[in-house]
Amino acid sequence: MPKITLPDGTIKEFPNAVTALDVAKSIGAGLAKAALGCKIDGELRDLSTLIEKDCALSIVTPTNRDKSVNPDALFLMRHSAAHVMAEAIQDVIGKDVLLAYGPSTETGFFYDMYVPPGKSISTDHFAAINARIAAIIKEDRPFTRYELPVPKGFEKLENEKNKYKLDNANRAAQTGTSTLSWYVTGEPTEEQLAGKQYELDENDDDKSSVDAQSLERISAAMHTAFGPRWEDLCRGPHVPKTGRIGAACVMSLASAYWHGKESDDPTHRLTRVYGTAFASQAELDAHLAQLQQAKERDHRVIGKKLHLFHIDEMVGQGLILWTPKGSVIRNELQTFISQELVRQGYTQVYTPHIGKLDLYKTSGHFPYYKESQFAPIIENDSLTKVMSEGCSCAEMTHRLDAVSARLQRDLNERTQSSAITADRVMPDEKLLEGFLLKPMNCPHHAKIFASSPHSYRDMPARLSEFGTVYRWEQSGELNGMTRVRGFTQDDAHLFCTPEQIPAELLGCLELVKIIFKTLGMKDYRVRVGLRGPDSNKYIGERANWDKAEQACRDAAKTLGVSFVETPGEAAFYGPKIDFMVKDVIGREWQLGTVQVDYNMAIRFDLSYIGPDNKPHRPVVIHRAPFGSMERFIGVLIEHFAGAFPTWLSPEQVRILPISEKTNEYAAEVHSYLKSQISNLRCTVDSSNDRIQGKIKIAAEEKIPYLLIVGPRDAESRSVSLRIRGEEKDAGAMPLDQFAAKLKGEIEGRRATLTASPVAI
RNA sequence: GCCGGCGUAGCUCAACGGUAGAGCACCUGUUUUGUAAACAGGCGGUUGCGGGUUCGAAUCCAGUCGCCGGCUCCA
């Protein structure tokens, strides 16, 4: 006699066990018809789930009462669509495509599959696959769950010889379940229920033969062999019938390693097919249109169109050339943050782009991060010498990685560990010294701190620098401005007493907040990166890690936004607080970061004199509120879609004379504005174009304000204003009033355009 | 780095085994213009690069460099 509590609090009692669908029917025929699945005590389940015990139940329908899209419904449809797509792909490519893993994602779903040698899935197959998906949806076959006891289930899977599914089953078995579940797209046969493998004649699976006719033939074969049914090991849940998937399509192809682990084994390289599904074709179309718009908003597209930056093959991959326009934006941001730094008591330093290898051996960066650094620079004489000695490459590498006995002794003593193992030690005359293009600014800053004595009275020392660093990112990772090989961090290192850490962390977070607020960026996520479980990638004492992690947690709590703690995301020297944002195609990037480091001061033997007149170890906070200027501006371009607020716009105002006759007045307006607003970026378009043409060009360049000036304006000493985004004549305005408004807007770093004649 | 896709004028794209083309940009004129492109003419290419197949290659093949999507990595 299950008592079922509905979302509105009413309790329904049934004499016998009932399915969720039965409950829906008892509430209303409309609800039962709209139902896609259910939630039992918060857990998403099939509509056919038999309810035997008391529970809280809600029926999942495509839309909520307030007409908003129900994410649970999307999940069910997409998870089900993954099955339909997999079936379609097996129809088009061949039954020997082995399925591995096919979950829903935020915007759709994917299915990882092993495509046997000699076959491949390409975008040329998409039309055929989509046609098959649409057909299966139209067939409106039920999704039928059946379960087999674990041993029986394994027997079936062994027969089917799909190691990926066996692996999935193994994982499921490890959770302690007594059964394995399958979902049949259709009604299960006796044989399926008995765990017997079906057979299918499959001579027509060559991709070249896939056309409408062969599709029909395949489809017919499916029906004659075992009816319109297809099955997949799956824990569910699913929508009741394929027809309940509103619209689905295959989106793109990618690759993935099995279990996400790189391997030389070709059976570990899977093809990941992405698809998406929505409740209706209209929603799917809207999604596709939105993707198209996102593409146009991509910083690489806008950056090229507005000439904000340039990447040149001959200069090198991942190396950003800042054009004059992009440089304006970067400069404005740097000026802005510099003002905040002065307010917070930072001092500024400059350090060179390279440093000796010993510096990074001391910090621990070399050879720890060797794979992602530019190779060391060896000066000519040393290079000539080792070459004349007939030194092999392997030996040279060894001699570069090695350290002197002195460095080993010092470091191991300071860290009270075997930070540097004996096999890395080499006599001085064998050591090969080199320089590293700096991958981090902190070692340089540590040396500045160490270059003078410090009293507890003048702590913390806050050393800031827009420091450019270089990292050898894998070529496949490079991406416009967001993933590059040379980038400038708005870096600083705060050398604190242990007591100062909480307050300094707050100051750092304050900077990030000011930036996001000024730019109107609200869509970000905060992540506190902690040590991973039993990993040996971390250096330093456990007690200090615990303290540092707690300090980060406490600081993050003060942010007033939610944050997630992510074990395994700490830096090798300490925990951190990261600010993450998404780009237009949904990829997440780390921008600002604040990191606590107990290790650097030890490694570099840094100290300050305390009130007890004894030396003490400082703690170092690394922080970069923008993160990387390159990445930040890349993300910012997308955030504003290239339409920057006036204070950041490469060109803020353009004066458009109606004809040559008002060129003189235009020049007068120009010089007046320049005289009123220092560093105003303003030009005059005195080309031969008609006013319509000048407006079109300026609009495409996303200039905030256009001042149209003709004889009328000249006579009244006014300007006819056109405001970006309004696409119309905003009306005339006295020149001096416009200047005053504009000045206020720029100096106030307003995020939106405010100089409108209506507002006066 | 790995898997898949793509490289044509400064930009966006066409030609897909048979003489490389358009629009925009740029230059020269004409037009003197009131809110998203006035008109005419001109300049611009060893089709990323170097090989191969072919009577003939932008087009087909293998390589290389670069870009795009994903994986992996990210101090």
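Predicted, not measured: the structure shown is a model, and the values here were computed from it. Order of the sequence lines sets the chain letters (A, B, ...), proteins ahead of strands, with each chain counted from 1. These numbers come from the heavy atoms of this one structure, side chains and all, not from hydrogens, waters or symmetry mates.
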- Under the 3.5 Å rule, do the base of C74(B) and the side chain of R483(A) count as making a donor-acceptor pair? yes

- Note on the structure: One should report the stems of RNA chain B, each a stretch of at least three consecutive Watson-Crick or G-U pairs at distances under 3.5 Å, as B:1-7 with B:65-71, B:10-13 with B:21-24, B:26-30 with B:38-42

- Task: Determine the contact category for S720(A): base if any of its heavy atoms lies under 4.0 Å from a base atom, sugar-phosphate if only primed atoms, P, OP1 or OP2 are that close, otherwise nothing.
- Result: base

- Task: Rounded off to whole Å, could you give me the CG-to-P distance for the N479(A) and C74(B) pair?
- Result: 18 Å

- Under 4.0 Å between a side-chain N/O of Q317(A) and OP1 or OP2 of G66(B), yes or no? yes

- Task: Strictly below 4.0 Å, heavy-atom distances to any atom of RNA chain B: list the hits from residues 686-694 of chain A, or just say none.
- Result: N688(A), R690(A), I691(A), Q692(A), G693(A)

- Query: Within the pair K661(A) and U33(B), is there a side-chain N or O less than 4.0 Å away from OP1 or OP2?
  - Reply: yes

Which pairs would a plain distance check flag for residues 249-261 of chain A, meaning a side-chain donor or acceptor within less than 3.5 Å of a matching protein atom at least two apart in sequence or in another chain?
from    : atom 1 : to      : atom 2 : distance (Å)
H259(A) : NE2    : D167(A) : OD2    : 2.7
H259(A) : NE2    : R171(A) : NH2    : 2.9

- Message: A36(B), OP1 or OP2 - any side-chain N/O from R722(A) closer than 4.0 Å?
- Response: yes

- Message: Below 4.0 angstrom, which residues in residues 576-591 of chain A have at least one non-hydrogen atom near RNA chain B?
- Response: K576(A), I585(A), R587(A)

- Message: Under 4.0 Å, heavy atom to any atom of RNA chain B: which of residues 704-715 of chain A qualify?
- Response: I708(A), G710(A), P711(A), R712(A), D713(A)

- Message: Run the ring pair (Phe, Tyr, Trp, His ring centres under 6.0 Å) test against H670(A) and tell me which residues pass, sequence neighbours left out.
- Response: none

- Message: I want to check one thing: is the phosphate of G70(B), taken as OP1 and OP2, less than 4.0 Å away from some side-chain N or O of S255(A)?
- Response: no

- Does a salt bridge link K696(A) with E700(A), judged by any charged N lying under 4.0 Å from a carboxylate O? yes

- Query: OH of Y274(A) versus C1' of C71(B): gap in Å, rounded?
  - Reply: 8 Å

